[in-house]
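These notes are about the structure you will find just below.
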2 protein chains.
Amino acid sequence: MNDTKTKLLDAAERLIGEQGFAATSLRHIISEAGVNLASVHYHFGSKDELLEAVVMRRAAPVNDRRLALLDRYEAENDGAVPVDRILEAFLFPMAQAAASNPQFVRVMGRIVSEGMIQSVLEKNFHTVLLRFTAALRKSLPALSDEEFRWRMLFMQGAMAHTMCGTPGNDFEHRIALLVRFLSGGFEASPAEVK
Amino acid sequence: MNDTKTKLLDAAERLIGEQGFAATSLRHIISEAGVNLASVHYHFGSKDELLEAVVMRRAAPVNDRRLALLDRYEAENDGAVPVDRILEAFLFPMAQAAASNPQFVRVMGRIVSEGMIQSVLEKNFHTVLLRFTAALRKSLPALSDEEFRWRMLFMQGAMAHTMCGTPGNDFEHRIALLVRFLSGGFEASPAEVK
DNA sequence: GTCTATACTGAGATAGAC
DNA sequence: GTCTATCTCAGTATAGAC
């Protein structure tokens, strides 16, 4: 691996996790990394793309584990997997990542709380989102397409806010509570059409 | 009312609603308002405080209506108000505001999606949050304090993301769906302690 | 291919004259 | 209260050394 590139990723990960993305200047990052300012644009192109690289470096294994878990649950339950299992399969690997690398989760939190979700997440989590959306849809056949889509959005907001936007380290416990809450929401009977 | 101040608030509200907070420069705002750059800092102190003033101007009536609705429901149900009524009382006035002033809701959406929630909202919505938290707590006596607090956070994330972070205009319908989902989550039986 | 030095543009903030 | 001029710092771009 290129040394300069890695130094930049490490420094950016640490500083963005601590101070946030907007509050962390490239000049601060490069001084921590001990490299030249222009190397950021040489290796990554821009500050935004540096952030994306920071995310991508850690996101891949998390998403692999998510898909593996979902595969297993689908094999075990051929057909519709219980909603809470699907949610667990999505959330648990993030908690594992948090245990081995807290910095990464902090960065994800910063991304969420600074509203860079769309740009960064949709690029890196596309397949995962498709798979999990399909699994949930299958397990919630009673909902209309419209209501299902809205409930996915509600979930998205709750997840982002909870997993990333709030400090603390006991992610496994947090996940158990979140899964319970979201299951209740998803499985609520449809709202009346007025 | 001071003319310069109002011109600044109007221009800021419009531009931030259209382009977002970060993307809207003070120089753009003042040129729309037809005033001088330094007047921003004279009247508001900083760009952040200008945003806060934009929010405060519209938030007060919404919060008044929220509290009035909650008062009514509490009087009607003396003791514990049904969870879905409480949620409605919180969300409905925002939908009304959206109908009469779409710019405001857009600004709130920008605030959420750009992660300025904590700083801005906690200042302006403090009493409202206390009242609604207390009402919900009363209606959910079976939950532990801890699980209740977490569910409040889950709700917060879902609400912010939904009400403000996603485009579209049919807020009343959206609210009906959101209330249903959140009621299901709040009323789910407690997660098992493992 | 990689790194260094330096310049450019635009941002928010501020001091001081009027 | 308002305006001009200026300051500092950000991200970005480029020219050129190795």
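Each chain gets a letter, A, B and so on, in the order its sequence line appears, and its residues count up from 1.
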Please give, in whole Å, the distance from [N] [atom2] to [X] [atom1]?
X: A/Gln19; N: D/dC9; atom1: CD; atom2: C1'; value: 15 Å
X: B/Leu26; N: C/dG10; atom1: CG; atom2: C1'; value: 12 Å
X: B/Ile29; N: C/dG10; atom1: CD1; atom2: P; value: 17 Å
X: A/Leu50; N: D/dT12; atom1: CG; atom2: P; value: 10 Å
X: A/Glu49; N: D/dG11; atom1: CD; atom2: P; value: 14 Å
X: A/Leu37; N: D/dA10; atom1: CG; atom2: P; value: 10 Å
X: B/His41; N: D/dA5; atom1: NE2; atom2: P; value: 18 Å
X: B/Ile30; N: D/dA5; atom1: CD1; atom2: P; value: 14 Å

Worksheet item: Quick one: do B/Lys138 and B/Glu74 make a salt bridge, cutoff under 4.0 Å?
Response: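 Salt bridge between B/Lys138 and B/Glu74, a charged N being under 4.0 Å from a carboxylate O: no.
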*Between A/Arg85 and A/Glu88, is the closest basic N to carboxylate O distance under 4.0 Å?*
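Yes, A/Glu88 and A/Arg85 are salt-bridged.
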Atom of A/Phe21, atom of A/Met116 and distance for their closest heavy-atom approach: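 For A/Phe21 versus A/Met116, the nearest heavy atoms are CD2-SD, 3.4 Å.
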Q) What pair of heavy atoms forms the shortest contact from B/Phe186 to B/Met155, and how long is it? A)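 What the structure gives for the nearest pair is CE1-SD, 3.6 Å.
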- prompt: Which one, C/dA13, D/dT12, D/dT2, comes nearest to the side chain of B/His43?
  reply: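 The answer is D/dT2, which lies nearest to the side chain.
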Ignoring the backbone of B/Asn36, work out which of D/dG11, D/dC3, C/dA13 is nearest its side chain.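 Taking heavy atoms from C-beta onward, the closest nucleotide is D/dC3.
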| message | Taking any heavy-atom pair under 4.0 Å as a contact, classify A/Ser25: base, sugar-phosphate, or nothing. | response |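 Sugar-phosphate: the residue A/Ser25, judged by heavy atoms under 4.0 Å, touches backbone atoms but no base.
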**Q.** Pair B/Glu147-B/Ser144, side-chain donor/acceptor within less than 3.5 Å
**A.**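 No, no side-chain donor-acceptor pair sits under 3.5 Å.
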| query | On DNA chain D, nearest-nucleotide positions of A/Gly45 versus B/Tyr42: which is more 5'? | reply |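 Whichever sits nearer the 5' end wins; that is B/Tyr42.
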Next item on the list: Starting from the 5' end of DNA chain D, give me the residue, B/Gly34 or A/Ala38, whose nearest nucleotide shows up first.
Entry: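 Nearer the 5' end of the strand: B/Gly34.
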Position toward the 5' end of DNA chain C (nearest nucleotide), B/Thr24 or A/Thr4: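 Going by which nucleotide is closer to the 5' end, it is A/Thr4.
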Would the base of C/dG12 count as contacting B/Arg27 through its side chain, where contact means a donor and an acceptor less than 3.5 Å apart?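 Result: at least one qualifying N/O pair found.
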